[in-house]
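Quantities reported herein were computed from a predicted structural model and do not represent experimental measurements. Per chain, numbering begins at 1; letters A, B, ... match sequence-line order.
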Protein chains: 2
Amino acid sequence: MTQTSAQDEIRVAVSTVIFALRRTPEDVREWEIVMPVVKRTRDPYEGDWALPGGWLRPDEGLADAAARTLRETTGLAPSYLEQLYAFGAVDRAPGRTVSIVYWALVRADEASAAVAPENVEWFPVKRLRGLAFDHDEIVAYASWRLQNKVGYSRIAQGFLPELFTLAELREVYEAVLGKSLDPANFRRQVEASQAILATKEFRTGAHRPARLYETNQALELADRGPLRNQ
Amino acid sequence: MTQTSAQDEIRVAVSTVIFALRRTPEDVREWEIVMPVVKRTRDPYEGDWALPGGWLRPDEGLADAAARTLRETTGLAPSYLEQLYAFGAVDRAPGRTVSIVYWALVRADEASAAVAPENVEWFPVKRLRGLAFDHDEIVAYASWRLQNKVGYSRIAQGFLPELFTLAELREVYEAVLGKSLDPANFRRQVEASQAILATKEFRTGAHRPARLYETNQALELADRGPLRNQ
DNA sequence: GCAAAAGTGTTAGGGCTACACCCATGC
DNA sequence: GCATGGGTGTAGCCCTAACACTTTTGC
């Protein structure tokens, strides 16, 4: 383990793939996954969209840097934040850059309320193409991880506000997985999983009132093994 | 995204957690998971054991660096190599170091045949304690990932030579999962999974000869989503 | 023949899926 | 009353676990 002078050429960046859910403009009954991207103001890829991120500071941890990035671009605190992958191909950017990429969920209600700074815009993930650097590939991988993880953990709740109906939770799953789910079976499964707790409140609307649920704080949203607080 | 001069203080290392399987010295019918570690020859942690690794070179990719590390310490090529996690806590080492950690499997027969260089020793993972830096934590996380992944993918075959019996494959699962499995049900499950192909050869021994199988190359050992060749 | 591992058969139980059905509300 | 979404019941199917049983070898 000898420090070479060549080492100085390698720079470390942190980027974050931020997922939120919103009702589609075309049909309010549908949901779509959206993500904020930042317009680059300098070369390389000037004018192109890129993932929010920045250089790692010597005095901050990796997750701290991701949370800072997220705060700076969305003004939000994530309801879920996890490291995605470290990208370090030699030719992925001019100059040798290793990017530690995180992915995050923000709540639907918060995302729509947040005031986006200049140069930041939210796009549906489905229509995101032609991002700067290798960011298309990164988004594809993050989307795959999200979809995977929704299948075997409880992170879908990270998209929802404190109180929600079972139908809303089911719609989140349907939007992420891209298929419709049987309401009856969905209800039984999430109830059996202990992932949510029934409250005494109901949401009234056009039809029979629906019971409101809250996430069971005693359970982690996802089992991350021995790395709870990285 | 402005490059600060402080950035120069951050160094990038690559380390690898290397798993192999061997029969225990105490009881040849038992298997145990072993891992090579390197004795540090300089401060910090001089004389302690640490994961094999080194500084990332500007002209090599992350996985290339991990494979080089693996080759230098074991003389082997991995049958499976995957990125584990990027560790970058501010205080994890004197001077700011971000470590991109990989984990690898090497075949049982190759591992025992490999000539370990000076300063490298193989230890059972169960008895590994007091490694340098945060390497205890890294080994714990890698072990958790291995155990997890064996549950839902086919990587267990990465421990075995080209031809193996069903009993050998089952013993690998038993060693990694730490519990015994029903031979009859195990057989049916792996046969149904298409993960292995029957050959026409048999292994003779003390009892009824056992059919030899080979891994089905058409299937990936583990689904890694859109990141096939990182 | 006997011990032991290889390999096959069978059954009970749990979870998932599909879908029929009842309930409570606004209009 | 009626349309609609909320919520319950239930039967079939598949997968799994448990274990009895047969086969094949070395000694």
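- In this structure, the side chains of Arg127(B) and Glu32(B) come closer than 4.5 Å at one or more pairs of heavy atoms.
- Ion pairing between Glu174(B) and Arg170(B) holds under the 4.0 Å rule for side-chain N and carboxylate O.
- Look at Glu60(B) and Arg68(B) and you find a salt bridge, because one of the NZ, NE, NH1 or NH2 atoms lies within 4.0 Å of a carboxylate O, short of that distance.
- For the pair Ser79(A) (side chain) and Gly158(A) (backbone), a donor-acceptor distance under 3.5 Å is present.
- Between Tyr141(B) and Trp144(B), the ring planes lie parallel to each other; the angle is under 30°, not in the 30° to 60° tilted range.
- Rounded to whole Å, the distance from CG on Leu181(B) to P on dG7(C) is 17 Å.
- End-to-end axis angle for the helix from dG1(C)-dC27(D) to dC27(C)-dG1(D), using five pairs per end and rounding to 10°, comes out at 10°.
- Between the CZ atom of Phe186(A) and the P atom of dG15(C) there is a distance of 18 Å, given to the nearest Å.
- Checking Tyr80(A) against Glu82(A) by side-chain atom types alone, a donor-acceptor pair falls below 3.5 Å.
- Nucleotides of DNA chain D lying under 4.0 Å from heavy atoms of chain A occupy a range whose first and last members, 5' to 3', are dT4(D) to dT10(D).
- Side-chain contact between Gln157(B) and Ile196(B) is present, with heavy atoms from C-beta onward closer than 4.5 Å.
- If you take CD of Gln189(B) and P of dG7(C), they are 17 Å apart, rounded to a whole angstrom.
- Checked for salt-bridge contact, Glu162(A) and Arg107(A) miss the test: no charged N lies under 4.0 Å from a carboxylate O.
- Distance, Phe164(B) CZ to dA6(C) C1': 16 Å, rounded to whole Å.
- The closest side-chain donor-acceptor pair between Asn185(A) and Arg188(A) falls under 3.5 angstrom.
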Point to revise | Contact letters for nucleotides 19-27 of chain C, in which S counts primed atoms plus P, OP1 and OP2 and B counts the base, heavy atoms under 4.0 Å | key: B---BBBS-
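- The closest side-chain donor-acceptor pair between Arg92(A) and Ser99(A) falls under 3.5 angstrom.
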